[in-house]
Amino acid sequence: ALFIFLLRQSGSLQVPGLSGKYLKLLFLIKSLTGIFITYISIHFLEPTDMLGFFHSGQKFFQLLKSDPVLFFRIFIGIEDQSAEPFLNTIGGWYVYVWDAGLNDNRIIIRINALISFLSNGNIYVHSVFFSFLSTLGMIFLLKSVSKIINNRNLIHAVIALTFLPGLLCWTSIISKESLVIFLIGTLLYSFQVFLKNSKNKLNTFLLLLTLLTFSFSRVYVLLLLLPSLIAWTYCHKKKKKKSGIVFLIVHLVSISSLI
């Protein structure tokens, strides 16, 4: 109910030219899909990453009660030898011996620990939260393109974002993909706002925070988006009308540099 209220009342979550009912429908479908998949995973499937993230987040949250200082130290990334005995019990925290904290499992576990303040250990609350997170990403993605495509195509985009099976399933549950969709949408929208008004401190903070989070998760997704951001910046500064050619050239140069 809270998330529906935010979608209805928050002006920053409205997409120009698109009725709010489509966004609420998107969120409701994603939430119900996430709850269904979570139920199936709990009762009929072998242990999954989704359940692993949830249980690890719960165990991390319980540390707050027994050792709040250690909880906050780990949460902000201070992981010394005193934290190792506990972290060795957290499934998925250590993925590679060389990762030095650069794996997205830890971000998902931290998010689950935060949600636990409100969920009382109910996994379905966590599922709905991740559905809302990915819905926010899709809304920001739509906002970033709303001025360059017509209303009819916006509706088609919402339908695609809602009903593409892989996208619907993987971004409606406790997953890294839900976070990635949120980061992509937030990055593109905050970058668009930054190009128009670089003095907007709140947006600049959001952009930097998104880039930082990307660097600790799917950094290769950020690298794939980089040529588009470069082309976008050039077209904006030079006020190029034939932006398609600029995007094509920048991407061709980027690909050729890897060969």
Side-chain angles (χ1 to χ4, degrees), residues 6-7 10-20 22-23 26 102 104 107 132-164 166-167 170-171 176-259:
L6 290 174
L7 290 175
S10 177
S12 60
L13 299 182
Q14 303 302 312
V15 179
L18 188 66
S19 172
Y22 292 109
L23 302 179
L26 169 63
L102 298 177
D104 41 10
I107 295 178
F132 184 68
L133 195 67
S134 62
T135 300
L136 285 180
M138 292 176 178
I139 289 173
F140 288 137
L141 182 60
L142 290 169
K143 285 173 70 71
S144 65
V145 300
S146 62
K147 293 183 179 181
I148 58 176
I149 61 177
N150 58 43
N151 294 355
R152 184 178 180 181
N153 287 334
L154 268 178
I155 296 175
H156 292 163
V158 172
I159 294 173
L161 291 173
T162 304
F163 294 108
L164 283 176
L167 191 62
W170 286 108
T171 63
K176 301 174 185 179
E177 287 72 21
S178 297
L179 176 63
V180 169
I181 288 295
F182 172 73
L183 291 175
I184 291 175
T186 306
L187 173 64
L188 294 181
Y189 180 67
S190 60
F191 189 76
Q192 180 187 60
V193 174
F194 178 79
L195 289 178
K196 294 179 179 179
N197 181 14
S198 59
K199 295 181 180 180
N200 186 326
K201 295 181 179 179
L202 181 60
N203 180 76
T204 301
F205 173 76
L206 178 62
L207 176 60
L208 293 175
L209 182 61
T210 304
L211 291 171
L212 179 64
T213 307
F214 249 132
S215 67
F216 280 90
S217 54
R218 300 292 178 90
V219 65
Y220 56 85
V221 176
L222 179 59
L223 294 176
L224 288 173
L225 291 172
L226 189 59
S228 295
L229 297 179
I230 293 173
W232 193 355
T233 302
Y234 180 82
C235 291
H236 177 79
K237 296 296 184 182
K238 300 296 183 179
K239 302 187 184 301
K240 292 288 185 179
K241 294 183 177 180
K242 296 182 178 180
S243 57
I245 297 177
V246 176
F247 273 77
L248 177 62
I249 293 174
V250 172
H251 280 82
L252 288 175
V253 172
S254 300
I255 295 172
S256 63
S257 66
L258 299 175
I259 300 175

Asks: Would you compute the distance between atom CG of L212 and atom OG of S217 and round it to the nearest 0.5 angstrom?
Replies: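 One gets 9.5 Å once the value is rounded to the nearest 0.5 Å.
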
Asks: Taking side chain to side chain contact (heavy atoms under 4.5 Å, CB included) as the test, write out the residues that go with L207, two or more places apart.
Replies: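 L187, S190, F191, F194, L211.
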
Asks: With sequence neighbours excluded, what pairs up with V219 under the side chain to side chain contact (heavy atoms under 4.5 Å, CB included) test?
Replies: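 With sequence neighbours excluded, V219 shows a side chain to side chain contact (heavy atoms under 4.5 Å, CB included) to no residue whatsoever.
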
Asks: I need the L23 CG to T135 OG1 distance, nearest 0.5 Å.
Replies: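 The OG1 atom of T135 is 9.0 Å from CG of L23, to the nearest 0.5 Å.
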
Asks: To check you understand the geometry: which heavy-atom pair defines the closest contact between T204 and S198, and what is its length?
Replies: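 In terms of heavy atoms, the two residues are closest at OG1-O, 3.5 Å.
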
Asks: Taking C-beta and beyond as the side chain, do I184 and F140 meet within less than 4.5 Å on heavy atoms?
Replies: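 When only atoms from C-beta onward are counted, F140 and I184 do not touch, as no gap falls below 4.5 Å.
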
Asks: Side chains of T213 and T186: does their closest heavy-atom pair fall under 4.5 Å?
Replies: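 They are not in contact (no side-chain heavy atoms under 4.5 Å apart), so the answer is no.
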
Asks: Of all residues at least two apart in sequence or in a different chain, which pass the side chain to side chain contact (heavy atoms under 4.5 Å, CB included) check with L141?
Replies: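 Checked L141 against side chain to side chain contact (heavy atoms under 4.5 Å, CB included); matches are S144, L188.
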
Asks: If you measure from OG on S134 to CG on L26, what distance do you get to the nearest 0.5 Å?
Replies: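 Answer rounded to 0.5 Å: 7.5 Å.
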
Asks: What distance separates N200 CG from L206 CG, expressed to the nearest 0.5 Å?
Replies: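 The CG atom of N200 sits 9.5 Å away from the CG atom of L206.
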
Asks: So, for F247 and C235, which heavy atoms are closest and what is the spacing to 0.1 Å?
Replies: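 Answer, listing the atom of F247 first, then C235: CE1-SG, 4.2 Å.
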
Asks: Y234: what forms a side chain to side chain contact (heavy atoms under 4.5 Å, CB included) with it, not counting sequence neighbours?
Replies: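 Partners of Y234 under the side chain to side chain contact (heavy atoms under 4.5 Å, CB included) test: K238, K240, V246.
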
Asks: Do N197 and N203 have side-chain heavy atoms sitting under 4.5 Å apart?
Replies: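 No; the side chains remain at least 4.5 Å from each other.
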
Asks: Please list, chain by chain and in numerical order, all residues satisfying side chain to side chain donor-acceptor pair (under 3.5 Å) with T171, sequence neighbours excluded.
Replies: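 Partners of T171 by the side chain to side chain donor-acceptor pair (under 3.5 Å) criterion, ordered by chain and then number, come out as K30.
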
Asks: What distance do Y189 atom OH and L142 atom CG have between them, rounded to the nearest 0.5 Å?
Replies: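 It is 12.0 Å, given to the nearest 0.5 Å.
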
Asks: Could you list all the salt bridge (Lys or Arg N to Asp or Glu O under 4.0 Å) pairs where at least one residue sits in residues 176-205, not counting sequence neighbours?
Replies: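 Sorted result for residues 176-205: D104-K176, E177-R218.
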
Asks: Identify the heavy atoms of T210 and L183 that sit nearest to each other, and give their distance.
Replies: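 T210 and L183 have their closest heavy atoms at CG2-O, 3.6 Å.
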
